[in-house]
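Residue numbers run from 1 in the order of the sequence given.
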Amino acid sequence: MARFTLSDERYEEIKEIIVDMFETYNVTCVLISGFEIATRMGVKVVPYSALEKRIRRLILIKGLDGVTGLDHGIYTIYYNDYMPTYGRINNTMMHEIGHIVLGHLEESELAEAEANFFAKYALAPPSLIHKWKLSSPDEIARTFEISHEAALYAYEYYQKWLSCGVKEYTDYEIRTLTLFEEVI
């Protein structure tokens with residue numbers, strides 16, 4: 001299955017949106033927690049295990065790791081608390097936060113691509129990987145407490161980021177480094 005590719009401009013917009021979110025909700029330390037951000041945003045968070053058995057079964061049959069709902073102006077993120085690791089659950093939380101922050105109102109391939117990128121970039125920003133000289137997916141997974149799969153994606157993206165040449169940090173990368181300057 002081919003991946004949906006966003007434009008370079010949209011990637012840049014999403015990075016700016018992520019750093020704006022970090023600043024707005026005072027995200028300044030690693031582990032970058034989707035649960036903490038959701039709470040600060042006023043988003044209700046509900047594990048699948050708290051749902052009525054029939055509803056839980058329907059969601060699990062669909063294979064959904066997370067679902068976001070909007071009711072009377074209040075967002076709720078439902079997440080699969082049966083997943084094997086916190087890193088995987090946190091990635092799902094950040095993906096769902098991406099849908100909220102990016103204003104997705106309906107499911108689409110574009111919305112999924114944007115939310116996937118949002119989660120990947122928010123959980124392990126390349127500027128922090130670079131500053132802290134993390135040189136492998138294992139180091140990224142341990143430092144950011146993300147799943148091995150997410151760390152592989154973050155490392156791949158970091159390598160791509162490096163290949164573009166780190167001559168000067170962008171404004172949003174400087175803002176990210178400033179937010180996290182007391183960490184590690």
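- A continuous path of ILVMFWY side-chain contacts below 4.5 Å connects Leu110 to Val101, so both sit in one hydrophobic cluster.
- Using a 4.5 Å heavy-atom threshold, the side chains of His148 and Asp138 count as touching.
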TODO: Show the numbers, then the answer: is there a side chain to side chain contact (heavy atoms under 4.5 Å, CB included) between Met94 and Asn91?
DONE: CA-CA 5 Å; Met94 195 62 74; Asn91 188 77; 5.7 Å; no
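- In plain terms, the two heavy atoms of Ala154 and Ile129 that are nearest each other are O-CD1, 4.2 Å.
- Taking each heavy atom of Ala38 and Ile97 in turn, the nearest pair found is N-CD1, 3.8 Å.
- Within the 4.5 Å cutoff, no side-chain heavy atoms of Thr85 are placed close to those of Ile89.
- A salt bridge is defined here as a Lys NZ or Arg NE, NH1 or NH2 lying under 4.0 Å from an Asp or Glu carboxylate O, and Lys120 with Glu149 fails to meet this definition.
- Proximity of a side-chain donor or acceptor of Thr24 to a complementary backbone N or O of Met21 within less than 3.5 Å is not detected.
- Asn90 places no side-chain N or O within 3.5 Å of a backbone atom of Glu145 that could act as its donor or acceptor partner.
- Ion pairing between a basic and an acidic side chain is recognised when a charged N comes within 4.0 Å of a carboxylate O; Arg175 and Asp171 show such pairing.
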- [ ] Could you please spell out the steps behind the side chain to side chain contact (heavy atoms under 4.5 Å, CB included) verdict for Arg56 and Leu60?
- [x] CA-CA 6 Å; Arg56 180 173 59 234; Leu60 288 170; 3.8 Å; yes
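- Between Lys53 atom NZ and Leu58 atom CG the span is 13.0 Å, to the nearest 0.5 Å.
- Glu96 contributes no side-chain N or O that, together with a main-chain N or O of Thr92, makes up a donor-acceptor pair within less than 3.5 Å.
- Considering OG1 of Thr178 and OH of Tyr169, their distance stands at 11.0 Å, rounded to 0.5 Å.
- Proximity of Thr176 to Leu128: side-chain heavy atoms (C-beta onward) are separated by under 4.5 Å at one or more points.
- Ring geometry for Tyr155 versus Tyr158: interplanar angle of 30 to 60°, hence tilted.
- Arg88 places no side-chain N or O within 3.5 Å of a backbone atom of Met83 that could act as its donor or acceptor partner.
- Annotation: side chain of Leu64 is in contact with side chain of Val67 (closest heavy-atom distance under 4.5 Å).
- By the criterion of side-chain heavy atoms lying less than 4.5 angstrom apart, applied directly or through intervening Ile, Leu, Val, Met, Phe, Trp or Tyr residues, Leu152 is not grouped with Trp161; the two fall into different hydrophobic clusters.
- In this structure, Lys131 and Leu177 approach most closely via the heavy-atom pair CD-CD2, 3.6 Å.
- The distance from atom CD1 of Ile74 to atom CG of Leu70, rounded to the nearest 0.5 Å, is 8.5 Å.
- Both Leu162 and Ile174 are assigned to one and the same hydrophobic cluster, defined by single-linkage of ILVMFWY side chains at heavy-atom distances under 4.5 Å.
- Here Leu6 contributes atom CG and Glu13 contributes atom CD; the two are 10.0 Å apart, rounded to the nearest 0.5 Å.
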- [ ] Determine, step by step, whether Tyr11 and Glu114 satisfy the side chain to side chain contact (heavy atoms under 4.5 Å, CB included) criterion, reporting the C-alpha distance in whole Å, the side-chain angles of both residues, the deciding distance to 0.1 Å, and the verdict.
- [x] CA-CA 8 Å; Tyr11 282 124; Glu114 288 185 352; over 6 Å; no
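- Side-chain contact between Phe22 and Ile17 is absent, with no heavy-atom pair separated by less than 4.5 Å.
- Looking at Ile14 and Arg10, their side chains come closer than 4.5 Å, going by heavy atoms from C-beta outward.
- Val43 and Leu51 are assigned to two separate hydrophobic clusters, defined by single-linkage of ILVMFWY side chains at heavy-atom distances under 4.5 Å.
- Ile100 CD1 to Leu105 CG: the interatomic distance, rounded to the nearest 0.5 Å, is 11.5 Å.
- Ion pair Arg40/Glu36 flagged as a salt bridge, since at least one NZ, NE, NH1 or NH2 atom sits closer than 4.0 Å to an Asp/Glu carboxylate oxygen.
- Between the side chains of Glu173 and His130, no donor-acceptor pair of N or O atoms lies under 3.5 Å.
- Taking both residues in full, the closest heavy atoms of Ala115 and His95 are given as CB-CE1, 3.4 Å, listed atom of the first, atom of the second, then distance.
- Residues Phe180 and Val27 meet the side-chain proximity criterion, which asks for heavy atoms closer than 4.5 Å.
- Between Ser108 and Ala111 the shortest heavy-atom distance is OG-N, 2.9 Å.
- In the hydrophobic cluster analysis, where Ile, Leu, Val, Met, Phe, Trp and Tyr join through side-chain heavy atoms closer than 4.5 angstrom, Tyr78 is grouped apart from Met41.
- Judged by distance alone, with hydrogens and angles left aside, the side-chain atoms of Asp65 form no donor-acceptor pair with the main-chain N or O of Asn80 at under 3.5 Å.
- In the model, Glu112 has a side-chain atom that pairs as donor or acceptor with a side-chain atom of His99 under 3.5 Å.
- By the 4.5 Å heavy-atom criterion applied to side chains, Pro125 and Tyr172 are not counted as neighbours.
- Exactly one of Ile37, Ile18, Ile146 qualifies for a side chain to side chain contact (heavy atoms under 4.5 Å, CB included) with Ile32. That residue is Ile37.
- The structure places OG1 of Thr68 at 4.5 Å from CD1 of Ile77, a figure rounded to the nearest 0.5 Å.
- Ring centers of Phe117 and Tyr157: under 6.0 Å apart, within the cut-off.
- No close placement of the Tyr48 and Tyr79 rings is indicated, their centers lying 6.0 Å or farther apart.
- Shortest non-hydrogen contact noted between Ser135 and Glu139 is N-OE1, 2.6 Å.
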- [ ] Give the C-alpha distance, both sets of side-chain angles, the deciding distance and a yes or no for side chain to side chain contact (heavy atoms under 4.5 Å, CB included) between Lys15 and Tyr121.
- [x] CA-CA 7 Å; Lys15 293 173 197 177; Tyr121 192 90; 3.7 Å; yes
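- The neighbour count for Glu107 CD, taken as heavy atoms of other residues, nucleotides or ligands under 6.0 Å away, does not exceed 12.
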